[in-house]
Every structure is written in C-alpha cells, then in structure tokens.
Protein chains: 2
Amino acid sequence: MSNKDQLKAELADMPPAQSGRKPRKERRALADIRQENVTHIISTAERLFAEKGFSGTTLAAIAEVANLPKANVLYYFHNKAGLYQAVLDHILLVWMDDMKSMTEDVHPKEALRNYILAKVQQSKEYPHASKIFATEVIHGAENIRELLGGKLKQQFLDTCRVIRSWIAKGWMDPINPEHLLFMLWSSTQTYADFSAQITTLLGKADMADEEYENAVELITRVVLKGCGIRTV
Amino acid sequence: MSNKDQLKAELADMPPAQSGRKPRKERRALADIRQENVTHIISTAERLFAEKGFSGTTLAAIAEVANLPKANVLYYFHNKAGLYQAVLDHILLVWMDDMKSMTEDVHPKEALRNYILAKVQQSKEYPHASKIFATEVIHGAENIRELLGGKLKQQFLDTCRVIRSWIAKGWMDPINPEHLLFMLWSSTQTYADFSAQITTLLGKADMADEEYENAVELITRVVLKGCGIRTV
DNA sequence: CCACCTTCTGACCAAATGGTCAGAAGGTGG
DNA sequence: CCACCTTCTGACCATTTGGTCAGAAGGTGG
C-alpha cells in the first residue's frame, strides 16, 4: 500500500462530518480513543496551519475547531511545535510517492504524462499539504531540512539519472533534468498553493474539475512537446 | 521610468550598509528624515516578513534589525497591519511590470523569451517580494484581493488576448493561454520562493548565477518548443 | 533666539497565547 | 466491584506582543 493510499484510508476513517456536535456518548475503547483523537487533531491542525501558517494559528483555534478543550489537545501533543511536526510528518508521507513511477524502462511519454496527472491530482486532493509544505520551504525549510537533504534528495538524484537515461536512449531532447523537475513541481503545485490567485483570475468561485483537466492537458502538452518527446 | 527602475533607485539610495552602527550624528533635514526612515523600516520589514511571515515577525524584531526603538517604528506606521500593507504596496509596484512587454505585434519567440528572462531575474533580485506575495496568496490573498481582482486581472486578461492573437496569426500552437501564464509564473517564481529546496537539492550553499541561467535556458526551450514556436 | 513644528523614546499596559497542573471522569483487567 | 490505568478539563500562570503616551530632543522659519 502506498503512502498515499494510507492517507486516503485515514481520511475515510474520520468521524463522518461530526457536524459540530459532540456525540461522544457511546463507549469507546481506550485503544481507539487515542488514535481517533490524534488523527482528528492532526487533520484539524493541518487545515488551520495551511490557512494561517504556524504562527498565525493558535492552539485555542485548533481546539475550538476540533471541538475539544485546549488542554486536551495539549494532552496529546505536549506543545505547539510538536503538533506542527506531527502534521509535517503526516504530510510528507505522501510527498515523494509519485516520483517513484518514473523509471528507466518506461518511456517518458507515459511516465511524464502520469507524473503530471498525479501531481495535479495531489494538488487537488491535498491542497493543505501542499500549502504547508510550500510555506515551510519559503520560510527556510528548517523543519524539513532532514527530509530535503535526505530521502527527497536521493529520490531527486535518482529521477535525474532516469531522465538522463531517457536522453541517452534518444527518447527525448538533451535537456537539464534538474530544472525540468523544478518546472514540473512548480507548475503542478501552483494549482494548490496559488488557488486563490488562479480562481480570482479565472473568475470562478473555486477550482472546477474542468480547470484541473485543462491544467493537466496544457502542462503535459507543453512539457512533452517541449522536451522533444514524440507522442504519436 | 518603470516601477522596477523606481524600486531600484530607492534601493540604491539606501544608507550604505549602515553596518550595525547608529551614526545619526550629522544634522539631517526634517524632510529627509521621514522618507529615509520610512524606506529603511519598510525594507527591513520586507526581509523579515519574507523570512518569517506576518504573524511570525514581531514589531520588536523589526525595530531591532532596523536599529530603531519600537516606538519609533510605530510612530511612522501606526500599527503592524499598516506596516505590512505598506510593504505589500511597495512590492506590488514591481509585480506586473513585465507582462506589459507582451503585445500583439511582437513575435512570441521574442516576447516569451524576454518575459521568462525578466521573471527569473525578478526572482533573483527581489526574492523577498516574491516570497511575501506567495505567502499572501497561499494564505488566501485577503490583503491583495483588490489588486488580484483589479489591475492584475485586467493585465492577465489582456495578455491572454495577446496570446490568442499570436495563435490566430499562426505564430504558435493553439494552447490554453490562461494556464500557459500560470505555468510561466510558477516555473519562474519557484526560483525565489523555493530557493531553500532548490539549493539543497542542487547541493549548493546558495543559487549561483549559473543556475539562474540554466533555469532561463530550460524554461525558455521547453515553453517555446512546447508551444510550437519556431525559433530558427 | 524663540515659538512651533516633527521626531524620538522609555515606561507602561491590556490582551493574547503557550503551557501547567491537580483532580475529576472514564475505561480496563482481574 | 475494585485498584489502576488513561483520558479529560477548568482554572491558572508567565511571557510575549501590539500598542499608548507623556514628555524629551531635534529641526525650522521668522
């Protein structure tokens, strides 16, 4: 099971709607209570951190939205920084999954197409994750240094090597793999991070599915043709 | 004189280095004092807001870095929000300048090339501006609603129309102008906003000029060819 | 030199915020 | 049912932070 599937399963498990009420009457097993609350707090915090940033989000706000007393939030996460780190860990699970699908054997025509589709879908399904990640990097990436310089870098270097092999095989033009990846990341993630700008400029209240499709179509077309990858 | 030139001139006027000392002994004309301090405070605040975000930046920190008493900062900007807005205004001056160079008459081969170059240079020269803008949009763009829905949107629509005219002239493939612009913005601004990630992955301490050149070269090549613009 | 500005500043304050804690409430296993 | 966990919570606290203010210091124009 991929990290992303795992996250999806968690989301599905979430208390349905909760709708502001605090049912909390049925007897819950101790073992469940902890996991349930931790998950609930993390996903609430994730939303707020994405909307307001770390410093802009107060524990009181998280507690209120999660419909729990502040002290209870602090019972599970001993301090704000700890909660933030937990949110980051939760998010980063999903982050590098998609790159793995780019391998030497697959023709870039397929591999890049799938990757772009996956990244745009990620922006659509987990916009909070993307926003927190983006804000974190913009502010210096101090809390994700380890990941950036470690697993992500490894993945990045591997993928660059794959792209070079594609070039060597004559499957695409000799372009700079590092910057190509930067281009892919930025142009896909922008649909999560900059959605406020995009919707305003497109004159829509929120991103319709159609626009994500247009995005995938445009990015795929420009990148494939731009890299000299024949698609016929 | 373009907005950007204006900003450059201001930067040049800045007290040279200041180097932590507080000379402030020579007699200064009242008229100068205000403008000088306002500029100095804004540029200091700009750096800190870019690094730590609005809520993460304290007035005390701004005052300390600016080497002024906090009360003095508040003498010029009556509250933190006002200072932030002033910083935003200062930044946004420069923001839309470059798009103006894309017109119907210019062949996209030149126009896009110049635009990409200008945007990457902007990322290099004014990374703080880009970061503040990005964070602002990520967090909902509440403080720049007016600009987004007003002048920027106008400029955006105009430029889309220009691109459509290029397509009508047969100068490029029929691609989606809106999403092409999103792609151009994101892939160029990423060199400011995500510099922490990029330098880490490239294994450099900071962005060398060479990398900006590689970025321009890659983006230009992929976009021009990807849009079916013949460059010979 | 003087009356009148603008600029500057330390001292102060109320509110917000992260975090603590003692003890109540609830679940568990024998 | 009971001793022993874990979970829950209101009350409380120290610190941080944005912001005020009275009055000192500095510049200006006559």
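Throughout, a chain's letter reflects where its sequence line sits, starting with A, and its residues are numbered from 1.
Within the structure, every pair that satisfies the ring-ring contact (aromatic ring centres under 6.0 Å, His included) test and touches residues 132-160 of chain A, not counting sequence neighbours, is listed here: Trp95(A)-Phe133(A), Phe156(A)-Phe182(A), Phe156(A)-Trp185(A). Screening residues 205-214 of chain A for salt bridge (charged side-chain N to carboxylate O under 4.0 Å, His left out), with sequence neighbours left out, gives Lys124(A)-Asp209(A), Lys204(A)-Glu211(A).
Counting to the nearest Å, the P atom of dT7(D) and the NE2 atom of His40(A) are 17 Å from each other. Taking atom CG of Asn72(A) as the reference point, atom C1' of dG23(C) lies 15 Å away to the nearest angstrom. Counting to the nearest Å, the P atom of dA25(D) and the CD1 atom of Ile33(B) are 16 Å from each other. Rounded to an integer number of Å, the gap from CG of Leu83(B) to C1' of dG19(D) is 14 Å. With rounding to whole Å, Lys52(B) atom NZ is found 11 Å from dT17(D) atom P. Separating the CD atom of Glu36(A) from the C1' atom of dG27(C) is a distance of 14 Å, rounded to the nearest angstrom. For the pair Asp32(B) CG and dG26(D) P, the interatomic distance rounds to 18 Å; values are reported in whole Å. If you take CZ of Phe77(A) and P of dC8(D), they are 12 Å apart, rounded to a whole angstrom.
Listed by chain and residue number, Arg161(B) satisfy the side chain to side chain donor-acceptor pair (under 3.5 Å) test with Asp158(B) (two or more places apart in sequence, or in another chain). With sequence neighbours left out, Asp89(B) forms a side chain to side chain contact (heavy atoms under 4.5 Å, CB included) with Gln85(B). With sequence neighbours excluded, the residues forming a side chain to side chain contact (heavy atoms under 4.5 Å, CB included) with Thr190(A) are Phe194(A), Ile198(A), Ser186(B), listed by chain and number.
For Tyr75(B), taking side-chain heavy atoms from C-beta onward, the closest of the listed nucleotides dG27(C), dT7(C), dT9(D) is dT7(C). Proximity note for Pro69(A) (side chain, C-beta onward) versus dT9(D), dT7(C), dT9(C): the nearest is dT9(D).
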Under 3.5 Å, sequence neighbours excluded: what are the donor-acceptor pairs made by side chains of residues 140-147 of chain B?
{"residue": "Asn143(B)", "atom": "ND2", "partner": "Glu136(B)", "partner atom": "OE2", "Å": "2.9"}
{"residue": "Arg145(B)", "atom": "NH2", "partner": "Gly140(B)", "partner atom": "O", "Å": "2.9"}

Donor-acceptor list for residues 49-62 of chain A side chains, cut-off 3.5 Å, not counting sequence neighbours:
{"residue": "Thr57(A)", "atom": "OG1", "partner": "Leu48(A)", "partner atom": "O", "Å": "3.2"}
{"residue": "Thr57(A)", "atom": "OG1", "partner": "Gly53(A)", "partner atom": "O", "Å": "2.7"}
{"residue": "Thr58(A)", "atom": "OG1", "partner": "Ala61(A)", "partner atom": "N", "Å": "3.0"}

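Within the 4.0 Å cut-off from OP1 or OP2 of dC8(D), at least one side-chain nitrogen or oxygen of Asn37(A) is found. One finds no side-chain N or O of Arg34(B) lying less than 4.0 angstrom from the OP1 or OP2 phosphate oxygen of dT6(C).
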Could you go through nucleotides 16-20 of chain C and list every protein N or O atom that sits under 3.5 Å from one of its N or O atoms, giving the distance for each pair?
{"residue": "dG18(C)", "atom": "OP1", "partner": "Lys80(A)", "partner atom": "NZ", "Å": "2.9"}
{"residue": "dG18(C)", "atom": "OP2", "partner": "Leu59(A)", "partner atom": "N", "Å": "2.9"}
{"residue": "dG18(C)", "atom": "N7", "partner": "Lys70(A)", "partner atom": "NZ", "Å": "3.1"}
{"residue": "dG19(C)", "atom": "OP2", "partner": "Lys80(A)", "partner atom": "N", "Å": "2.6"}
{"residue": "dG19(C)", "atom": "N7", "partner": "Lys70(A)", "partner atom": "NZ", "Å": "3.2"}
{"residue": "dG19(C)", "atom": "O6", "partner": "Lys70(A)", "partner atom": "NZ", "Å": "2.9"}

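Counted by atom type alone, Asn176(A) and Glu217(B) present zero donor-acceptor pairs between their side chains at under 3.5 Å.
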Return one dot-bracket line describing DNA chain C 5' to 3' (Watson-Crick or G-U wobble pairs, both distances under 3.5 Å; ( ) same strand, [ ] crossing, | another strand, . none).
||||||||||||||||||||||||||||||
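A side-chain donor-acceptor contact under 3.5 Å links Ser101(B) to the backbone of Asp98(B).
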